[in-house]
Amino acid sequence: MSTESTPDRGATPALGRQDIAHLARLARLAVTDEELDRFAGQLGAVLDAVAQVQRADAGDVAPTTHAVPLTNVLRPDVATPSLPRDVVLAGAPAAEDDRFRVPRILGEEE
Amino acid sequence: MSDLTALTAVELQAALSAGETSAVEVTRAHLDRIAAEDGALGAYLFVDDDAALARAAEIDASGAAGTGLAGIPVALKDVFVTEGVPTTSGSRILEGWRPPYSATVATRLQEAGTVLLGKTNMDEFAMGSSTENSAYRPTRNPWDHDRIPGGSSGGSSAAVAGRLAPLALGTDTGGSIRQPAAVTGLVGHKPTYGSVSRYGLIAFSSSLDQAGPMARTVMDAALLHEAIGGHDPRDSTSIDAPVPTVVEAARRGATGDLAGLRVGVVRELGGEGAREGYEQGVLDRFAEAVALLEAAGAEVREVTCPSFGLALPAYYLIAPSEASSNLARFEGMRFGIRVGDDGSRDVDEVMALTREQGFGPEVKRRIILGTYALSAGYYDAYYGQAQKVRTLITRDFTAAFDGGVDVLVSPTSPTVAWSIGARVDDPLAMYAADLCTLPASLAGVPAISVPCGLSDGLPVGLQVMAPALADDRCYRVAAAVEAAQGAPLTDRLAERAA
């Protein structure tokens, strides 16, 4: 994870505690020390296994993103009713003045 | 009537339309059995007796009971959102949430007159092969309570095999309908990708997720399939094509005549040189099933699909990558739980704490792995390469189907149900359960699991894969296998309990 270059085929960089912590931060996921230890070992083994895709001779092969060849599926540009606001807000952890109430989004100095 | 929970959906249909029973009686019989058995089994996360009985009374009053699926109880995997009915996807992060709308398949079943018994347990966000990743409770296999019911649709498989519902819906991303069906002695079908709506199905891996039926017989599964299938304008990946005529195919297959059908046995899935991880009992039952297809008139040959061996690594890059993106929506702001919002923390900290406490270990592992596979510098080597392998796997299917076989067959699962706890701390061992089911998932083609006998007293499944939109072939072959065995495998479970 410390390098930005594409890894060599067949070479699997190990996932250490620091890497896991960094990835978890990117994914907005707090992780405990115990989880860092456990995940580092488990994900290292998983990464070794999934890195086998690099063995495939697939240089010129087009990637498949989706099994169904559909593109630009659009509905008619007609306004349709949305879910009622109060029904949606009823499922929110916090609501105020007909809106979702969220924690502070800017730091003190911003 | 004798025990109404012992009847198939087809038998219930006949009894209802003949006036021998009512939707209320049928529903009550299943609710009574849930009350008696589910404490031990753990198949359901939510059951609302009063709502189910009121709904059944409504169907009885309308006079529709016995028409199609009207009056027949169903269970839904908790991954389908249901308006006003708690929906968790097996996760703490959605504890207590009552969705403001319903999944298209839930609406279609409602319109068909079915009675919703409840929501079934599952691996959290459908990630797992044992239902042990549920945040709420493990589910037990009705054949042996010390064993897993498969996953991730393990609540649905346990409910139907244990006669706590005649029919259930599951979802299958990498095998999550077929594998639980196989290890509990059920029929489970993953339809062609795009042929059953994903609207209102809580997304795990959007390019792979597909809803489908689970039942004790092929015909029951076919009836449920036709009730939920078909184009949905609310799902942009929905195929605008007629629903395959699977009920007709099941009827045709039940004659036991497969003359002219060309069957390919996939060498890479349990054949010569590819038997590591497969139990002998599974391979024996599979060989017998293949012999049975031949006896029914099918022409059987071995087919090689060289890229299938890379399905597992490709899947475990693609699915976690898509999951890491899909699960970003669970941040504690708009629905579900919120943790740590005491005025001292900013939004990022609250999101991180909510996700820390709301997600279980397997979900976290997959989010981290997916985030890694999609990172700058690693994208081409992992996610990009996995998508290319996906193309190679699709080409193997195309070559086989263009090269003269109508269907491909393999075991559904390399092993029978394992002991609860045996693989919990070993993600790779858990992932190996999906070895045979992953190729069809990646290619988007339909695949069914049908019971083909017991090994050490536990069910074994035969998988039948077909070209896209040829789901009817899966049902035809499955019905022939079922017919050759004389009775649904779950009848033996009932005999054992008696």
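Within every chain, numbering begins at 1; the chains are lettered A, B, ... in the order of the sequence lines, protein sequences first and strands thereafter.
By number of non-hydrogen pairs under 4.5 angstrom with chain A, the leading residue of B:L208, B:T394, B:T237, B:I367 is B:T237. Taking B:G370, B:P361, B:G384, B:G340 one by one and counting their heavy-atom pairs under 4.5 Å with chain A, the maximum is reached by B:P361. Highest contact tally toward chain A, considering only B:L392, B:L353, B:T192, is held by B:L392 [criterion: heavy-atom pairs under 4.5 Å]. Interface check for chain A: of the options B:Y315, B:F335, B:Y101, the most heavy-atom pairs under 4.5 Å are formed by B:F335. Most heavy-atom pairs under 4.5 Å with chain A, from the set B:V389, B:I368, B:L442: that is B:I368. Taking A:V68, A:V87, A:V31 one by one and counting their heavy-atom pairs under 4.5 Å with chain B, the maximum is reached by A:V68. Contact tally against chain B (heavy-atom pairs below 4.5 Å) for A:A27, A:A45, A:P93, A:A67: the top residue is A:P93.
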- Give the C-alpha distance, both sets of side-chain angles, the deciding distance and a yes or no for salt bridge (charged side-chain N to carboxylate O under 4.0 Å, His left out) between A:E35 and B:K364. CA-CA 9 Å; A:E35 281 176 328; B:K364 290 176 185 168; 2.6 Å; yes
- Quick one: do B:T104 and B:D235 satisfy side chain to side chain donor-acceptor pair (under 3.5 Å)? Show the steps, please. CA-CA 9 Å; B:T104 294; B:D235 172 1; over 6 Å; no
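With a 4.5 angstrom heavy-atom cutoff, B:S325 does not touch chain A via any of its atoms. If you measure heavy-atom distances from A:Q52 to chain B, the contacts under 4.5 Å come from both the backbone and the side chain. Heavy atoms of A:R38 lying under 4.5 Å from chain B belong exclusively to its side chain. With a 4.5 Å cut-off on non-hydrogen atoms, B:A328 does not touch chain A at all. Residue B:P233 does not touch chain A at all, counting heavy-atom pairs closer than 4.5 Å. Proximity to chain A is absent for every atom of B:S324, based on heavy atoms less than 4.5 angstrom apart. At a 4.5 Å heavy-atom cutoff, B:R234 makes no contact with chain A through either its backbone or its side chain. Residue contact with chain B, scored on non-hydrogen atoms closer than 4.5 Å, involves the backbone of A:A62 exclusively. Looking at B:R345, only its backbone comes within 4.5 Å of chain A, counting heavy atoms on both sides. The part of A:L70 that comes within reach of chain B is its side chain, from C-beta onward, which places non-hydrogen atoms under 4.5 angstrom from that chain. For B:S238, the part lying under 4.5 angstrom from a heavy atom of chain A is the backbone only.
Remark: aromatic rings of B:Y383 and B:Y372 are distant, center separation not under 6.0 Å.
The pair B:R423-B:D426 fails the salt-bridge criterion, with no side-chain N (NZ, NE, NH1 or NH2) lying under 4.0 Å from an Asp/Glu carboxylate O. By the 4.0 Å N-to-carboxylate-O rule, B:D341 lies close enough to A:R101 to be salt-bridged with it.
The two residues B:N133 and B:M127 come nearest to each other via the heavy atoms ND2-O, 2.8 Å.
A donor-acceptor contact closer than 3.5 angstrom is absent between the side chains of A:T80 and A:R75.
Other residues, nucleotides and ligands place more than 12 heavy atoms under 6.0 Å from the CZ atom of B:R365. Counting heavy-atom neighbours within 6.0 Å of B:E276 CD, excluding the residue itself, gives a total of 12 or less. Shown here is A:Q18, whose CD atom has no more than 12 heavy atoms of other residues, nucleotides or ligands within 6.0 Å.
Note: B:F125 and B:F330 have tilted aromatic rings, judged against thresholds of 30 and 60 degrees for the angle between ring planes.
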